[in-house]
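Whatever order the structure lists ligands and atoms in, that order sets their numbers, starting from 1. All residue numbers in this chain count up from 1 along the given sequence.
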Amino acid sequence: MASGANGSSGDTVLVTGGLGYIGSHACVALAEAGRRFVIVDNLANSSPRVLDRLQRIVGWRPDFVEADIGDGARMARVLREHRVGAVMHFAGSKAVGESVALPLDYYRNNVAGTLALLEAMRAQAVRRLIFSSSATVYAADNAMPLREDAALGASNPYGRSKLFVEHMLRDLQAAEPEWAIACLRYFNPVGAHPSALIGESPRGIPNNLVPYIAQVAVGRRERLSVFGGDYGTADGTGVRDYVHVLDVAEGHVAALRHLERAPGWVAVNLGTGQGVSVLEILREYERASGIPIPFQVVQRRPGDIAQCWAEVARARDLFAWRARRDLGEMCADSWRWQQANPDGYG
Ligand code: NAD
Ligand code: UDP
């Protein structure tokens with residue numbers, strides 16, 4: 001257990017962005033691992049109803065502080081009062097298109113917000129951090145599967161904000177070796193908790209494939225637009241590494257255990273290691289839901305790459321973690337969530 005110079009560090013995990021899609025599933029994984037946690041979220045992209053849902057899943061009401069990670073004084077107080085020993089940092093803005101239109105908002109929330117959090121952590125001698133990074137930090141021209149030492153290079157402000165934070169964390173750990181930091185590079189998290197109580201609740205038209213398919217299946221949208229049928233892939237559609245959100249959540253608990261043994265800075269992919277095309281996932285979703293999903297192939301989406309999947313050896317070797325849930329389970333859980341919550345959290 002961490003023990004800060006000022007005595008503030010304990011064994012509670014601070015989950016920033018813990019009411020969001022991935023953070024809420026991480027809360028369930030922490031509860032299942034018997035870990036205490038406190039959530040900080042500013043509700044920018046989430047609903048307070050998530051707390052009720054988490055309570056139903058874990059059996060007790062999680063501690064929640066409505067606050068912004070950019071408020072350093074507030075963060076320092078939360079770290080102190082809750083005796084936080086480690087932080088899982090999910091809070092941030094994540095829409096690529098929006099980041100192109102509003103770059104300063106993204107640099108403020110994702111980069112400056114993280115900086116404020118880190119300064120509060122340092123002031124409270126909390127030096128264990130798991131950061132939500134992304135496969136988007138890899139340069140576009142790498143060979144597959146993507147190894148963690150592949151060339152980096154983001155192509156939009158969102159990706160660059162993730163890359164800047166990774167660099168910032170690496171510099172910090174190099175200067176202050178007692179820090180223990182894991183940058184987890186998620187591939188494509190999908191699915192939901194099998195209870196159908198928590199899941200992904202996008203506002204407006206979904207940008208991501210699986211939430212879009214889910215809304216077509218439930219009748220909220222007419223048909224899927226498949227962005228490009230002329231890629232150099234087996235069926236011509238884009239290939240990604242879809243990974244169940246609960247596997248991703250459990251990867252965080254495994255990373256935390258690793259950091260408790262080993263200070264340092266590490267970047268680790270969280271994916272399955274399998275590439276799946278748009279048409280393959282569409283067919284799997286049809287199987288899971290029993291509903292035909294109309295689609296039309298349209299122009300490629302600007303900025304998309306043809307294919308992307310993870311090398312997963314490092315997660316296995318360092319964290320003893322691998323993704324366990326298959327594509328059928330991802331689609332079935334997504335569909336169960338979508339049916340039970342056709343309007344998300346409302
Ligand atoms: P999400 O939007 O569902 O969750 C993020 C949460 O953070 C939301 O509840 C939001 O209200 C909160 N938040 C945002 N800014 C905040 C701030 N300044 N202070 C406090 N709370 C704030 O997103 P998600 O899909 O759960 O993603 C979590 C993290 O993982 C993000 O950092 C995202 O960039 C990263 N990530 C997500 C994906 C993905 O496909 N979902 C892939 C790679 C990386
Ligand atoms: N995609 C699509 N139609 C959509 C949304 C996405 O064909 O409405 C494709 C997209 O081109 C990519 C894959 O689905 O090949 C995954 O896209 P998503 O936005 O979910 O994830 P990312 O691009 O971040 O990998």
Side-chain angles (χ1 to χ4, degrees), residues 15-26 39-48 50 65-71 74-75 88-97 99 105-106 108-110 112-114 116-117 130-137 156 158-159 161-162 165 183-190 198-203 205-213 215-216 221 223-229 231 233 237-243 245 248-249 252 270-271 275-282 295-309 344-345:
V15 185
T16 76
L19 297 187
Y21 173 47
I22 305 172
S24 58
H25 289 82
I39 297 169
V40 163
D41 201 299
N42 68 357
L43 302 175
N45 194 36
S46 52
S47 160
V50 176
V65 180
E66 183 178 342
D68 193 296
I69 53 160
D71 182 346
R74 192 82 194 282
M75 287 304 103
M88 290 186 180
H89 178 30
F90 297 94
S93 312
K94 64 167 182 177
V96 172
S99 81
D105 287 10
Y106 273 66
R108 185 183 353 91
N109 206 32
N110 293 1
T114 301
L117 174 67
I130 298 175
F131 172 61
S132 295
S133 190
S134 166
T136 192
V137 299
N156 55 67
Y158 167 71
S161 75
K162 292 289 170 190
V165 171
C183 295
L184 302 186
R185 296 177 179 157
Y186 314 154
F187 279 66
N188 289 63
V190 298
I198 55 172
E200 192 167 10
S201 178
R203 293 192 173 152
I205 301 171
N207 293 312
N208 295 113
L209 178 64
V210 171
Y212 202 103
I213 291 178
Q215 292 195 5
V216 175
R221 306 201 182 270
R223 70 172 67 83
L224 174 73
S225 295
V226 175
F227 298 144
Y231 285 110
T233 57
T237 66
V239 166
R240 297 290 184 274
D241 185 338
Y242 299 94
V243 53
V245 65
V248 172
H252 287 69
L270 293 186
V276 171
S277 76
V278 174
L279 291 181
E280 282 172 325
I281 201 158
L282 183 122
F295 70 93
Q296 61 180 357
V297 178
V298 301
Q299 293 282 304
R300 294 180 180 188
R301 183 171 63 179
D304 270 0
I305 54 172
Q307 52 183 16
C308 165
W309 67 89
Y345 294 109

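Within the 4.5 Å cutoff, side-chain heavy atoms of S225 are placed close to those of V298. Proximity of V243 to Y186: side-chain heavy atoms (C-beta onward) are nowhere separated by under 4.5 Å. Contact annotation: the side chain of L209 approaches that of L224 to within less than 4.5 Å [non-hydrogen atoms, C-beta and beyond]. No side-chain heavy atom of R240 sits under 4.5 Å from any side-chain heavy atom of I281. Proximity of H25 to I198: side-chain heavy atoms (C-beta onward) are separated by under 4.5 Å at one or more points. F295 is listed as a side-chain neighbour of L279, based on a closest heavy-atom distance under 4.5 Å. Side-chain contact check for I213 versus R221: every heavy-atom pair is 4.5 Å or farther apart. Contact check for V165 versus S133: no side-chain heavy atoms found under the 4.5 Å cut-off.
Residue N188 touches ligand 2 through its side chain alone, judged by heavy-atom distances below 4.0 Å. Under 4.0 Å from ligand 2, the heavy atoms of V278 that appear belong solely to its side chain. The proximity of Y242 to ligand 2, defined as any non-hydrogen pair under 4.0 Å, is limited to the side chain. Under 4.0 angstrom from ligand 2, the non-hydrogen atoms of N208 come from both its backbone and its side chain. Under 4.0 angstrom from ligand 2, the non-hydrogen atoms of N207 all belong to its backbone.
In terms of protein heavy-atom proximity, atom 23 (O) of ligand 2 is nearest to R301 NH2, 2.9 Å. With hydrogens left out, the protein atom closest to atom 25 (O) of ligand 2 is R240 NE, 2.7 Å, a heavy atom. In this structure, atom 1 (N) of ligand 2 lies nearest to the protein heavy atom F227 CD1, 3.6 Å. Scanning the protein for heavy atoms near atom 20 (O) of ligand 2, the closest one is L209 N, 2.8 Å. In terms of protein heavy-atom proximity, atom 10 (C) of ligand 2 is nearest to D304 OD2, 3.4 Å.
Without hydrogens or angle criteria, S277 side chain to T237 main chain gives no donor-acceptor distance under 3.5 Å. The main-chain N or O of H89 is found under 3.5 Å from a side-chain atom of S132 such that the two form a donor-acceptor pair.
By the 4.0 Å heavy-atom criterion, Y186 is excluded from the residues contacting ligand 2.
Residue V226 approaches ligand 2 through these ligand atoms, each under 4.0 Å from one of its heavy atoms: 7 (O).
Here H252 contributes atom NE2 and I22 contributes atom CD1; the two are 7.0 Å apart, rounded to the nearest 0.5 Å.
Note: Y106 and Y158 have perpendicular aromatic rings, judged against thresholds of 30 and 60 degrees for the angle between ring planes.
Ligand 2 has no N or O atom lying under 3.5 Å from any N or O atom of V239, backbone or side chain.
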Pairs under 3.5 Å, N/O atoms on ligand 1 and on the protein: can you put them in a table with the distances?
| from | atom 1 | to | atom 2 | distance (Å) |
| --- | --- | --- | --- | --- |
| ligand 1 | 2 (O) | N45 | ND2 | 2.7 |
| ligand 1 | 3 (O) | Y21 | N | 2.9 |
| ligand 1 | 9 (O) | G20 | N | 3.2 |
| ligand 1 | 9 (O) | D41 | OD1 | 3.2 |
| ligand 1 | 9 (O) | D41 | OD2 | 2.6 |
| ligand 1 | 9 (O) | S46 | OG | 2.8 |
| ligand 1 | 11 (O) | D41 | OD1 | 2.7 |
| ligand 1 | 11 (O) | A44 | N | 3.1 |
| ligand 1 | 11 (O) | N45 | N | 2.8 |
| ligand 1 | 11 (O) | S46 | OG | 3.2 |
| ligand 1 | 13 (N) | N42 | OD1 | 3.4 |
| ligand 1 | 15 (N) | N109 | ND2 | 3.0 |
| ligand 1 | 18 (N) | D68 | OD1 | 3.1 |
| ligand 1 | 18 (N) | D68 | OD2 | 3.4 |
| ligand 1 | 18 (N) | N109 | OD1 | 2.7 |
| ligand 1 | 19 (N) | I69 | N | 3.0 |
| ligand 1 | 21 (N) | N42 | N | 3.1 |
| ligand 1 | 21 (N) | N42 | OD1 | 3.3 |
| ligand 1 | 23 (O) | K94 | NZ | 3.4 |
| ligand 1 | 25 (O) | K94 | NZ | 2.7 |
| ligand 1 | 26 (O) | Y21 | N | 3.2 |
| ligand 1 | 26 (O) | I22 | N | 2.8 |
| ligand 1 | 32 (O) | F90 | O | 2.9 |
| ligand 1 | 32 (O) | K162 | NZ | 2.8 |
| ligand 1 | 34 (O) | Y158 | OH | 2.7 |
| ligand 1 | 34 (O) | K162 | NZ | 3.1 |

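Of the candidates S225, A95, S277, S225 brings a heavy atom nearest to atom 3 (N) of ligand 2.
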Applying side chain to side chain contact (heavy atoms under 4.5 Å, CB included) to Y212 and I205, what does each step give before you reach the verdict? CA-CA 8 Å; Y212 202 103; I205 301 171; 3.7 Å; yes
